[in-house]
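Below is one structure; the comments refer to it alone.
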Number of protein chains: 2
Amino acid sequence: MGEPRIIELPPRPLPKDLTPNVFAAECPTRRVLDRVADKWAVLILILLADGTKRFNALKRMIGGVSQKMLSQTLKSLERDGLVSRKVIPTVPVTVEYSITPLGRTLHAAVDPLRIWAETHIAAVEAAQARYDAEAGQRG
Amino acid sequence: MGEPRIIELPPRPLPKDLTPNVFAAECPTRRVLDRVADKWAVLILILLADGTKRFNALKRMIGGVSQKMLSQTLKSLERDGLVSRKVIPTVPVTVEYSITPLGRTLHAAVDPLRIWAETHIAAVEAAQARYDAEAGQRG
DNA sequence: CTGGATCCCTTTTGATACTG
DNA sequence: CAGTATCAAAAGGGATCCAG
């Protein structure tokens, strides 16, 4: 073995703050939250938690969704490991979407949102009526 | 009093289906869910649940939000009775935003989303890496 | 035919500047 | 400070086209 030398180390990268912070635009948790706090993602997750469904079944069930957004959102959910996609080589081809175990953990967090909307809709509409009445008075 | 007459009643509107259905584009619950399953709304609600804040404080805390979207989302949350706005006539004027009791019930439903993002970020990034690797192989 | 990619146009969002 | 107005950029919707 040669004699020990003093060598110059390359500058060490500053340690990144590993504390998750959903309020920081660059934080990975924030990017995930952005994609998950999305109306189409929420609706898809709720439907798939109920059982495997095909593309066009989802399209029919989710009022107002375009095929573009459905396809796009499903792809994003698949990439994030929340939904799995299975192509069945029939003629014509059928594609089945299912929720993954990870997706189920997210479903547990988003379904309360649906329930909240259903249980508090009256309170929200009352608030809107009040707000609109006041706005009307002012002009 | 005149003698009783047989009068023609105007056609009665068909009774609307009152069952809430977040999947139907026209259902009030769906419209509310759409506005609430929104990244800015979620972040604002979480911050205000922690305490009253002023407009520019929120702007500084929420990375990447534009004043337009902040102002717009706050107005929508106020209309829905989830947030209250208090103008203090100082010079220059200050405006304080607080969460309402109704907003607190929603916060209970959205905060799990933040927690989910923080606790499952590693699993999501692993899934993304797998997905991107496979996509890379294919093409 | 189903799933989905693409083109084109409308709506939403973002950046910046300006006002009470 | 707390917004609105304006204009540019991006996301979204609808129709259409294509592969399996």
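Labels below follow one simple rule: chain letters A, B, ... track the order of the sequence lines, proteins then strands, and each chain is numbered from 1.
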Exercise. Starting at CZ of Phe55(A) and ending at P of dG4(C), how long is that distance when rounded to a whole Å?
Worked result: 6 Å

For this session: Compare side-chain N and O positions of Ser71(A) against OP1 and OP2 of dA5(C) and report whether any pair is under 4.0 Å apart.
Result: yes

Exercise. Atom CG of Leu58(A) to atom P of dG3(C): distance rounded to whole Å?
Worked result: 9 Å

Exercise. Does Arg54(A) have a side-chain nitrogen or oxygen under 4.0 Å from the phosphate oxygens OP1 or OP2 of dG3(C)?
Worked result: yes

Exercise. Between Glu26(A) and Arg30(A), is there a salt bridge with N-O shorter than 4.0 Å?
Worked result: no

Exercise. How far apart are the closest heavy atoms of Pro20(A) and Glu118(B), and which atoms are they?
Worked result: CB-CG, 3.8 Å

Problem set entry | Nearest-angstrom distance from the residue atom CZ of Arg85(B) to P of dA2(D) | 10 Å

Exercise. For the pair made of CG in Leu74(A) and C1' in dT2(C), what is the distance, rounded to whole Å?
Worked result: 14 Å

Problem set entry | Electrostatic pair Glu134(B)-Arg130(B), nearest N-O below 4.0 angstrom | no

For this session: For nucleotides 5-20 of chain D, just jot down a letter per nucleotide in 5' to 3' order: B, S or -, based on protein non-hydrogen atoms under 4.0 Å.
Result: -B-----BB-BB---B

Problem set entry | Atom pair distance, as rounded to whole Å: CZ in Arg60(B) and C1' in dA2(D) | 12 Å

Exercise. Which nucleotide in the list dA2(D), dA5(C), dG3(C) gets nearest to the side chain of Lys75(A)?
Worked result: dA5(C)

For this session: Rounded to 10°, tell me the angle between the two end axes of the helix from dC1(C)-dG20(D) to dG20(C)-dC1(D), each built from five pairs.
Result: 30°

Exercise. Rounded to whole angstrom units, what separation is found between the NZ atom of Lys53(B) and the C1' atom of dC1(D)?
Worked result: 18 Å

Exercise. Given atom NZ of Lys59(B) and atom C1' of dT4(D), what is their separation to the nearest angstrom?
Worked result: 15 Å

Exercise. Which atom pair, heavy atoms only, marks the closest approach of Ser98(A) to Thr52(A)?
Worked result: OG-OG1, 2.9 Å

Exercise. Picking from dA2(D), dG4(C), dA5(C), which would you name as closest to the side chain of Asn56(B)?
Worked result: dA2(D)

For this session: Answer whether the closest heavy-atom distance between the side chains of Ile121(A) and Glu125(A) falls below 4.5 Å.
Result: yes

Exercise. Closest heavy-atom contact between Ile99(A) and Leu48(A)?
Worked result: CG2-O, 3.8 Å

Problem set entry | side-chain N/O Tyr97(B) vs dG3(D) OP1/OP2, d < 4.0 Å | yes

Exercise. Is a side-chain N or O of Asp38(A) found less than 3.5 angstrom from the main chain of Trp40(A), in a donor-acceptor match?
Worked result: yes

Exercise. Would you call Arg31(A) and Asp34(A) a salt bridge, using N to O less than 4.0 angstrom?
Worked result: no

Problem set entry | Pairs satisfying ring-ring contact (aromatic ring centres under 6.0 Å, His included), at least one member in residues 54-110 of chain B, at least two apart | none

Exercise. For the pair made of CG in Asp34(A) and P in dG14(C), what is the distance, rounded to whole Å?
Worked result: 10 Å

